[in-house]
Amino acid sequence: MKNKIFVTKPFLPQREEFDKYVDRIWETDQLTNRGPLHEEFADELKKYLKAPELTLTSNGHLALEIAIKGLGLSGEVITTPFTFASTTHSLALNGIKPVFCDITEDNMTIDTNRIEECITEKTTAILPVHTYGHMCDTEGISKIAEAYGLKVLYDAAHAFGVKKDGVSSGMYGDASIYSFHATKLFHTIEGGAIVYKNQEYRRLFEGYKNFGIENEECVSLIGGNAKMNEFQAAMGLANIPHLSEIISEREEITYRYHRNLEGVAGLRLYAPYEDKRIEHNFSYVPILIDEKYFGASRDQIYYALKKDNIFVRKYFYPLTCDFECYKGEFQNSDLPVARKISEQVLCLPIYNGLSLEVVDEICVRLLKLKG
Ligand SMILES: *Cc1c(COP(=O)(O)O)cnc(C)c1O
C-alpha cells in the first residue's frame with residue numbers, strides 16, 4: 001500500500017460545526033465544572049440513549065473506576081480477560097480481585113454458563129464487557145446476579161449506538177460505562193459516561209467525579225477528579241448529529257469485508273447483524289485465523305500486512321490476566337476459549353472515510369497470504 005492504513009482513525013466533524021460550540025465557550029468564559037455545553041451534551045446523550053440518568057466523565061477508564069466506587073464493589077468481581085487493559089486495571093486499582101471467567105465462541109463475551117463456578121463468598125459483582133459492541137447475554141447475567149445478590153456493571157466502551165430489542169446497550173445491569181475516546185466510534189477527544197437507572201447513584205457518581213464536593217462547605221466523600229470539560233462537550237455536541245451516518249458507513253465497510261472474506265477456509269468472521277434483536281454499531285471487524293486451515297498463522301499475517309503498510313491489530317492479545325503486571329497475582333480458572341481466540345484474532349481497519357476500494361485491496365493482500 002502506498003499510504004499507511006491504520007486499524008482506526010478518529011472522526012472529525014466539519015471545522016465550522018465544532019467552532020459553533022467553541023465560540024460559545026468564549027462567550028461564557030466557562031471552561032469546565034458543569035458548564036453549559038456539558039449540561040447540553042448530557043441532555044442530548046440522555047435523549048439519544050433514552051437513559052434516565054447519566055454522568056459524564058473525563059474518560060471511559062475513570063467512568064469505570066467511579067462506577068466501581070459508587071456501586072460499592074469490593075472483594076472479588078467476576079470479569080473476562082479478553083478485553084482492553086482498562087477493565088481489569090479498574091478493579092485492581094480499587095483493591096478488588098478480578099476473577100477471570102471464560103468467553104463464548106459465539107460472540108466473544110462472558111460465558112454465562114461459566115459464571116457460577118467463579119462465585120465465592122467474597123464476590124460482590126460481575127463486570128462483563130460488550131466486546132466489539134457484541135451484546136452480552138444480559139438476561140442470563142441478570143438471572144445469576146439476582147440469585148446471588150450481585151451487582152452488575154457493564155463495560156460498554158465498544159457498544160455506543162448498539163441496541164437490543166430497541167433498548168440502548170447502556171440500560172442493562174446496575175450501571176454501564178461508555179468510552180468517548182478519539183479512537184472509539186463516537187468521541188469527545190477523551191471522555192466517557194456512566195449510564196444508570198437508579199437516581200440514588202447520582203449523588204455518588206457525581207461526587208466521585210468532583211472531589212466529593214456537595215456544596216461550598218460540605219465535602220461528603222473522598223473523590224478524585226474526572227470532570228468533562230467544555231471543549232470535550234463541544235466535540236461531543238458536534239459529533240452527535242453524525243451518528244447515523246457514522247454507523248451506516250461502517251455497516252457498508254463491514255458488509256464489504258464479509259462479501260470478500262466469507263467462506264474462506266480457516267477464516268471466521270462475526271456477523272452480529274444476523275441477530276434480529278440487535279441493532280449493531282459496526283465498531284470493529286474482528287476475524288479469527290485458524291492456521292491449520294488458512295495455512296498461515298495470525299502472527300504471520302499480522303507482520304506481513306504490517307510490512308505492506310496495513311496496520312491490523314491483535315485486539316485482544318495478550319489476555320489481561322497474562323499481563324506482566326499481573327504475573328502470579330491472580331489464580332486463573334481455565335480459559336480455553338479466551339486463550340484460543342486471543343491467539344487467533346485480528347481486527348481489520350474500519351473507520352469513516354475508509355474507501356471500499358481500499359477494503360477490497362486489504363482483502364486481496366490478506367488472501368494472498370493463504371497457504
Ligand atoms: C477504550 C476502553 C476503555 C477505556 O476508555 P478510555 O476512554 O480510553 O479511558 C475501557 N474498556 C474498554 C473495553 C475499552 O475499549
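Counting starts at 1 for both ligands and their atoms, in listed order.
The salt bridge (charged side-chain N to carboxylate O under 4.0 Å, His left out) search around Glu17 returns none, not counting sequence neighbours. Scanning for side chain to side chain contact (heavy atoms under 4.5 Å, CB included) contacts around Asp43 gives an empty result, with sequence neighbours left out. With sequence neighbours excluded, the residues satisfying side chain to side chain contact (heavy atoms under 4.5 Å, CB included) with Asn215 are Glu217, Cys218.
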N/O to N/O under 3.5 Å, ligand 1 against protein:
residue	atom	partner	partner atom	Å
ligand 1	5 (O)	Ser179	OG	3.2
ligand 1	7 (O)	Gly60	N	2.8
ligand 1	7 (O)	Ser179	OG	2.7
ligand 1	9 (O)	Gly60	N	3.3
ligand 1	9 (O)	His61	N	2.8
ligand 1	11 (N)	Asp155	OD1	3.4
ligand 1	11 (N)	Asp155	OD2	2.8
ligand 1	15 (O)	His158	NE2	2.8
ligand 1	15 (O)	Lys184	NZ	3.1

Derivation of the side chain to side chain contact (heavy atoms under 4.5 Å, CB included) call for Phe180 and Lys184
CA-CA 6 Å; Phe180 304 144; Lys184 301 294 204 286; over 6 Å; no
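For the atom pair CE (Met228) and NE2 (His38), the distance works out to 6.5 Å, reported to the nearest 0.5 Å.
Residue Arg339 is tested with Asp334, Asp322, Asp102 for a salt bridge (Lys or Arg N to Asp or Glu O under 4.0 Å); the sole match is Asp322.
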